[in-house]
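Here the structure is laid out as structure tokens; the discussion comes afterwards.
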Amino acid sequence: MVLLSGPCVIESEENILKIASELEKYHNDPSIDFYFKASFDKANRTSLDSFRGLGMDEGLRILQKVKDEFGYKIVTDVHESAQVPQVAEVVDMLQIPAFLCRQTDLLVACAKTECKINIKKGQFLAAEAMKHPLLKVLKTRGCEEVSFENAQKHGVYLCERGNTFGYGALVVDMRNLVIMREYAPVIFDATHSAQMPSTGSTTGGDSSFVPYLAKAAAAVGVDGFFFETHFDPSIALSDGPNMIKLQELDTVIEKIKLIQEI
């Protein structure tokens with residue numbers, strides 16, 4: 001099982017290292033392919049006044065420190081093609097944010113690196129439409145056909161995080177997991193799927209749904225999970241309402257593993 005987990009955004013070096021130390025059990029678990037996730041910049045915040053992160057240079061320095069101290073593989077978001085070469089020197093997986101999943105220049109720039117790539121499905125797209133961004137990456141890497149096997153060979157994942165109908169909430173259609181898994185290994189983003197966008201000056205959410213959504217995805221069958229986590233989501237500077245507490249993450253992952261064994 002692939003596991004992407006960490007705080008939404010880099011709030012401080014101290015906070016990142018403290019959270020990273022609590023995730024070491026997953027790195028040491030032979031059944032888990034663990035990636036530490038944190039963003040150096042959140043470029044799509046609702047408000048201009050919202051905290052975005054520490055910036056690329058400082059953020060990458062901190063992520064490199066996590067990599068050096070804990071031996072973790074790293075995943076982070078990229079928002080512009082110009083960022084990709086510098087970010088790819090530090091991280092092991094590049095993540096395409098959902099709103100940017102159709103951006104050709106960004107996809108091609110990521111595909112030209114040696115990093116794995118996690119393409120988040122746009123909240124506005126049908127699952128079937130994700131074969132097109134996937135094909136952009138595969139063609140750049142010398143492959144002409146979309147298939148699970150080809151995506152796996154070239155290190156490309158598709159990520160489900162719900163669809164918005166414009167009512168201030170996301171809806172997860174579990175059929176999407178089945179459809180996208182015909183094209184590529186699938187990561188289920190359990191925490192962003194519990195978001196409630198456009199509910200005010202910041203994005204809201206209801207983290208109580210996260211364990212249920214994750215268990216449902218495990219029952220359908222996916223290749224990995226994405227959980228944003230924090231010691232105290234109530235004071236997190238981004239995405240707090242849909243984050244899962246560090247203390248609760250163990251229980252959710254153990255239940256997922258039991259479902260997968262079944």
Side-chain angles (χ1 to χ4, degrees), residues 1-9 15 18-39 72 75 95 98 118 120-121 123 127 157-165 167-181 185-197 199 202-262:
M1 176 176 73
V2 179
L3 175 63
L4 283 55
S5 190
C8 176
V9 67
N15 179 265
K18 185 178 178 183
I19 293 174
S21 68
E22 292 295 319
L23 298 173
E24 198 162 13
K25 66 193 83 171
Y26 306 119
H27 173 66
N28 295 330
D29 186 334
S31 69
I32 293 176
D33 184 13
F34 177 70
Y35 291 78
F36 181 81
K37 185 272 168 187
S39 297
Y72 296 165
V75 56
Q95 183 162 272
N118 187 36
K120 288 197 167 187
K121 179 178 71 61
Q123 301 94 320
Y157 296 87
L158 296 179
C159 184
E160 169 63 41
R161 50 82 39 87
N163 284 78
T164 178
F165 296 156
Y167 294 104
L170 294 172
V171 176
V172 179
D173 185 341
M174 292 295 165
R175 295 175 298 179
N176 290 347
L177 305 177
V178 179
I179 293 166
M180 290 200 298
R181 205 166 182 272
V186 169
I187 304 291
F188 180 63
D189 183 347
T191 46
H192 284 96
S193 291
Q195 277 186 337
M196 299 174 68
T199 54
T202 60
T203 295
D206 188 343
S207 61
S208 68
F209 288 111
V210 170
Y212 300 102
L213 291 169
K215 288 184 287 185
V220 172
V222 293
D223 303 276
F225 292 86
F226 179 117
F227 294 99
E228 285 188 339
T229 188
H230 198 283
F231 283 101
D232 184 356
S234 69
I235 62 170
L237 298 180
S238 178
D239 283 356
N242 52 269
M243 275 190 188
I244 190 167
K245 291 181 180 179
L246 267 167
Q247 307 94 293
E248 298 173 2
L249 189 58
D250 268 355
T251 301
V252 176
I253 290 176
E254 285 306 312
K255 289 182 178 179
I256 285 171
K257 289 169 75 172
L258 286 172
I259 292 170
Q260 288 180 323
E261 287 173 13
I262 293 171

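Heavy-atom basis, side chains included; hydrogens, waters and symmetry copies ignored. Since we're looking at a predicted model, the values are computed, not measured.
- Residues Leu3 and Phe227 have side chains in contact (heavy-atom distance under 4.5 Å, counting atoms from C-beta outward).
- With values rounded to the nearest 0.5 angstrom, Met1 atom CE is found 9.0 Å from Tyr26 atom OH.
- Nearest heavy atom pair, residue Val252 against residue Ala214, reads CG1-CB, 4.2 Å.
- Counting all heavy atoms, side chain and backbone alike, Gln195 lies closest to Asn242 at CG-OD1, 3.2 Å.
- Contacts of Asp33 classified as salt bridge (charged side-chain N to carboxylate O under 4.0 Å, His left out), with partners at least two apart in sequence or in another chain: Lys73.
- Counting only distance, with no hydrogens or angles, the side chain of Ser193 and the backbone of Ala190 share no donor-acceptor pair below 3.5 Å.
- Applying the ring pair (Phe, Tyr, Trp, His ring centres under 6.0 Å) rule to Phe36 yields no partners; only residues at least two apart in sequence or on another chain are considered.
- The heavy-atom pair separating Ile256 from Ala218 by the smallest distance is CG2-CB, 4.0 Å.
- Taking 4.5 Å as the limit, some side-chain heavy atom of Val2 sits within range of a side-chain heavy atom of Ile187.
- Using a 4.5 Å cut-off on side-chain heavy atoms (C-beta onward), Leu177 and Met174 make contact.
- Looking at Glu160 and Asp189, their side chains never come closer than 4.5 Å, going by heavy atoms from C-beta outward.
- Under a cutoff of 6.0 Å and an axis angle of 45°, Lys245 and Phe231 do not form a cation-pi pair.
- In this structure, NZ in Lys121 is found 10.5 Å from CG in Leu158, a value given to the nearest 0.5 Å.
- For the atom pair NZ of Lys37 and CG of Leu23, the computed distance is 12.5 Å after rounding to the nearest 0.5 Å.
- Distance check: Leu258 CG to Ile253 CD1 gives 12.0 Å after rounding to the nearest 0.5 Å.
- Side-chain contact between Ser5 and Leu249: present, with at least one pair of heavy atoms (C-beta onward) separated by less than 4.5 Å.
- In terms of heavy-atom proximity, Pro211 sits nearest to Ser207 at CD-O, 3.7 Å.
- Aromatic ring centroids of Tyr72 and Tyr35 lie 6.0 Å or more apart.
- Counting heavy atoms from C-beta outward, Asn176 and Asn163 have side chains that approach closer than 4.5 Å.
- To the nearest 0.5 Å, atoms CD (Glu248) and CE (Met243) are separated by 13.0 Å.
- Salt-bridge check for Asp29 with Lys257: passed, with a basic side-chain N closer than 4.0 Å to an acidic carboxylate O.
- With contacts defined as side-chain heavy-atom distances shorter than 4.5 Å, the pair Ile259/Lys215 qualifies.
- Applying the ring pair (Phe, Tyr, Trp, His ring centres under 6.0 Å) criterion to Phe188, with sequence neighbours excluded, gives no partner residue.
- Contact check on Asp223 versus Arg181 returns a salt bridge, with a Lys/Arg side-chain nitrogen under 4.0 Å from an Asp/Glu carboxylate oxygen.
- Taken to the nearest 0.5 Å, the CE atom of Met180 stands 7.5 Å off from the SG atom of Cys159.
- Crowding of Tyr212 atom OH: a count of heavy atoms from other residues, nucleotides or ligands under 6.0 Å not exceeding 12.
- Donor-acceptor pairing under 3.5 Å is recorded for the side chains of Asn118 and Gln95.
- Pairing each heavy atom of Thr229 with each of Ile244, the nearest pair is OG1-O, 2.9 Å.
- Here the side chains of Val75 and Phe226 are not in contact, with every heavy-atom distance at 4.5 Å or above.
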